[in-house]
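Worksheet for the structure shown next.
In what follows, chains carry the letters A, B, and so on, assigned in the order in which the sequence lines appear, proteins first and then strands, with residues in each chain numbered from 1.
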Amino acid sequence: MNLDDLNVAQRQAVERTEGPVLILAGAGSGKTKVLTTRISYLVEDKNVNPGNILAITFTNKAANEMRERVDKIIGDNSRDMWISTFHSCCVRILRKDINKIGYNRSFVIYDSSDQATLIKECMKELDINDKKFDHKMIISKISSAKDKLMDPKEFARQAGSDFLLKKIAEVYAVYQERLKRSSALDFDDLIVKTVELLKSSEDVLEFYRNKFKYIMVDEYQDTSRAQYELIKMLAMGHQNICVVGDDDQSIYGWRGADIRNILEFERDYDDVFVVKLEQNYRSTQIILDTANHLIANNIERKKKRLWSEKKDGEKVQVKLLKNEVEEANFVVNEIYENSIKTGRPFSEYAVLYRANAQARAVEDALNKFQIPYNIYGGTKFYERKEIKDLLAFLRVIVNPQDDISVKRIINIPRRGIGLKTIEKLEDRASMMKESLYSVLLDVDNNSDISTKAKKGINEFLDMVGLLRALNEVYKPSELIEKVLDVTGYKSELEFQVKKNENMQNGKAEEAQDRIDNLMEFISIAIEYETGVLNSGEEKNLEEFLSGISLSSDIDDEDNDSIDKVSLMTMHSSKGLEFPVVFIVGMEENIFPIARAIHSMSDAEIEEERRLCYVGITRAMKELYLTYTVSRVLYGKPNVNKKSRFLGELPDETVEILDSPVKPVEFAGANYSLIAKYADKYKNSMNLESAKSIGAKIKKEKDYDAMNVACGEGAGYDSYDSSKIPRLKKGSVVRHPKFGDGVVVSKLGADVTIAFNSKGIKKINLEYNTIEVKKY
DNA sequence: CCATTTTTTATTTTT
DNA sequence: TAAAAAATGG
């Protein structure tokens, strides 16, 4: 096999096939290339049977990409290889043998919202409604317990006498019981139960240890303790385990990723061969220097330094704007001008942010400029109501024990089964420790249920019976059509469209959208069927459903080729790259994000810093970082200091774009003063409070709040209909780039200005901020 | 039982 | 602000 286009380190990583190998792969250092080459090398040069190879990734996208690339090198040989995500690998193992630990092999997979519903039910059953017990908090505690392979008993033991933890332990126990009764596993269970299976059955463990003679794990820094344990069990015999990761890109600690897994890999295995991939093929040296300098502030890390052969490049641009609207306008204008200047398609630009809510302002600006964009994240296809309803029907067909799904659809379409009836049924189910469905089957012998409800329940049972019979005959896609038909779900939506057609309430469009989504779902099913046909596997509804549960978003391949700007959180940008990257919202409390009440621990700050590192290293050629004076948060304007991360960047690689005002520095400087008046506003201050504090400081009420917060009556102007009239012919202005000038003429937001140094220029105030001299 | 109004509460989310 | 949860009224 030809390894000529690998560098020395990459080559070492490929050729060291035996024993434990740790590849520390910096951002953009070609780790996917190394992994795919290594897999191919094993097969082609080392004559390893493809069936003996297991390659694990975290996302379907990564798994698909890896398989594709391996396919390209070694052709159809890759078929017997397991290249999959942790979760789908576990599903495959569990479908075969989960009965050995007392579960039903046709289990369903509960997603996070099913999980939330079930947790709430468990809390109700235990009479826990105190406001102190937030179901989300309980979910995350249980989830992190599972990440550590802690079962309810162990959890209760560790809770000791702590009241809160004891209560959570109770919920955890009931929750697991209910899951089992429903033949359901949540995402975490997929890992936990696989470990349990391997621990309890010597045969199964032996089988997979023999099968997977070579194991590779991608994104190792993101593995949880449970995943670590799983891999360790499988790799124990032959020790041919190769993990790839970058501790600096560990950004999922809050989701159970244990950074110790990678930091302590060398301690866990004997004679570990460590390779560092430090040559970056993605970014300019300027961008790498910026990222290196920032991440050097983290203490808990393996030292490494990325370098690139691309020595020249643009400096990182840092820009302060007045608020999130102007920030977005600046970004979009910059994209627009840059694309005209360089001829880059819009797909080469990305706007990254800390929280999804920040996308809105950017979206508005892009719409105003009529620039096409793609938002990643947000509401996912499979989380839409109509899709969830349909999925619930399908899940009940496969597994009527699934209480959560039964409850979801029992009254769709309406059959007079209300909350009261369901409550009675549930009580009975939990009393008898049986599933809801078996209580339904016995409804005629149940005296507390009204005749009307009984009738409805029997209708429901008949319908499910019919659909289950149809499932024996039809393919998934055809069955879906039957479901939509038999349940009347589709005709109900069609009726909604008709009914609201002539009203301007948007309901017709909404119903039509839902129909379209359902049709889209059918084509996904058809796609699945043809895909399965080619691979020669079984094509049943069960497999189709687990596939769907395990795929987060539809990876729309042709969507990538469409010329659109990408908007996403920094979390979802991991693994991607763009020639031009904007990171918006570089402010304290936004990024690093503020956590409720308590201040952040060092470890949390370090994770935020790693996230910033991930964001920066997405950029290939140009990088912009923006922050604002004030920003509307939860409906109220807030003033934040600029992000500490900006201060951690090296001076040499950063260019601070001239700003008309320096309010954030002022705000920073004034914090000690403000703090004197109101200590509680030290970290976060809204304009309301700034105004009153400012008034005390300045003893002058007429300053507008922002100027007070900025510490000075800067008298600056921007596009704001109420302020525009202040700009007149003859006004003296200062532009951030062009310096002082005089307004020559004004048409809408377009102002023509004669600059002392640059001559006459037309400036559009929608996306340029200029300073107006105070009268 | 169900639809509408009021109140509450705000990360990130590969599966 | 804006979405989700809870409360209320028909």
Query raised in the report: Considering Watson-Crick and G-U wobble pairs with both distances under 3.5 Å, what does B:dT11 pair with?
Result: none

Query raised in the report: Which value, in whole Å, describes the distance between the C1' atoms of nucleotides B:dT11 and C:dA6?
Result: 24 Å

Query - Under-3.5 Å donor-acceptor pair between A:Arg255 side chain and B:dT11 base - result: no

Query raised in the report: Taking NZ from A:Lys388 and P from C:dA4, how many angstroms apart are they, rounded to a whole number?
Result: 13 Å

**Report entry** Between C1' of B:dT13 and NE2 of A:His571, the distance in whole Å
**Finding:** 8 Å

Report summary line: Between A:Thr569 and A:Lys452, the residue closer to the 5' end of DNA chain B by nearest nucleotide is A:Lys452

Query raised in the report: Between A:Phe107 and A:Tyr103, is the ring centre distance below 6.0 Å?
Result: no

Query raised in the report: Starting at the 5' end of DNA chain B and moving along, which residue's nearest nucleotide shows up first, A:Ile422 or A:Ile251?
Result: A:Ile422

Query raised in the report: Taking OP1 and OP2 of B:dC1, is either one under 4.0 Å from a side-chain nitrogen or oxygen of A:Asn411?
Result: no

**Report entry** B:dT12 pyrimidine/purine six-ring stacking with A:Tyr252, under 5.5 Å and 30°
**Finding:** no

Query raised in the report: Is any side-chain nitrogen or oxygen of A:Ser572 closer than 4.0 Å to OP1 or OP2 of B:dT13?
Result: yes

**Report entry** Residue among A:Lys368, A:Glu324, A:Lys322 satisfying side-chain hydrogen bond (donor to acceptor under 3.5 Å, both in side chains) with A:Asn329
**Finding:** A:Lys368

Query raised in the report: For B:dA3, which nucleotide in any strand shown is its Watson-Crick or wobble partner with both distances under 3.5 Å?
Result: C:dT8

Query raised in the report: Atom CD1 of A:Ile139 to atom P of B:dT13: distance rounded to whole Å?
Result: 17 Å

Requested in this report: Rounded off to whole Å, could you give me the CD1-to-C1' distance for the A:Ile56 and B:dT15 pair?
Outcome: 12 Å

**Report entry** Check: A:Asp111 and A:Ser549 side chains under 4.5 Å, non-hydrogen atoms
**Finding:** no

Requested in this report: Taking only the side-chain nitrogens and oxygens of A:Asn356, find out if one of them lies under 4.0 Å from OP1 or OP2 of B:dT13.
Outcome: yes

Query raised in the report: Is the shortest side-chain N to carboxylate O distance from A:Arg301 to A:Glu606 below 4.0 Å?
Result: no

Requested in this report: Based on the glycosidic angle (syn within 90° of 0, else anti), state the conformation of B:dT11.
Outcome: syn

Query raised in the report: Mind checking the P distance from B:dT13 to C:dA4? Whole angstroms is fine.
Result: 15 Å

Query raised in the report: Which heavy atom of A:Asn589 sits nearest a heavy atom of A:Asn640, and at what distance?
Result: ND2-OD1, 2.8 Å

Query raised in the report: Are any side-chain N or O atoms of A:Arg105 and backbone N or O atoms of A:Arg95, one a donor and one an acceptor, separated by less than 3.5 Å?
Result: yes

Query raised in the report: NA contact type, A:Thr421, heavy-atom cut-off 4.0 Å: base, sugar-phosphate, or nothing?
Result: sugar-phosphate

Report task. Remember a base hit wins even if backbone is also touched, and classify A:Phe86 as base, sugar-phosphate or nothing at under 4.0 Å, heavy atoms. Result -> nothing

Query raised in the report: Between atom NE2 in A:His87 and atom C1' in B:dT14, what is the gap in whole Å?
Result: 8 Å

Report summary line: In whole angstroms, the gap separating P of B:dT13 from CE of A:Met570 amounts to 11 Å

**Report entry** Rounded interatomic separation in angstrom, taking OH from A:Tyr376 and C1' from B:dT13
**Finding:** 17 Å

Query raised in the report: Between B:dT12 and C:dA5, how far is it from one C1' atom to the other, in whole Å?
Result: 23 Å

Query raised in the report: Of the candidate nucleotides C:dA5, B:dT14, B:dT15, which contains the atom at the shortest distance from the side chain of A:Ser112?
Result: B:dT15

Query raised in the report: Which of these nucleotides, B:dT15, B:dT11, B:dT14, is closest to any side-chain atom of A:Arg354?
Result: B:dT11

**Report entry** Whole-Å distance separating the NZ atom of A:Lys574 from the C1' atom of B:dT13
**Finding:** 12 Å

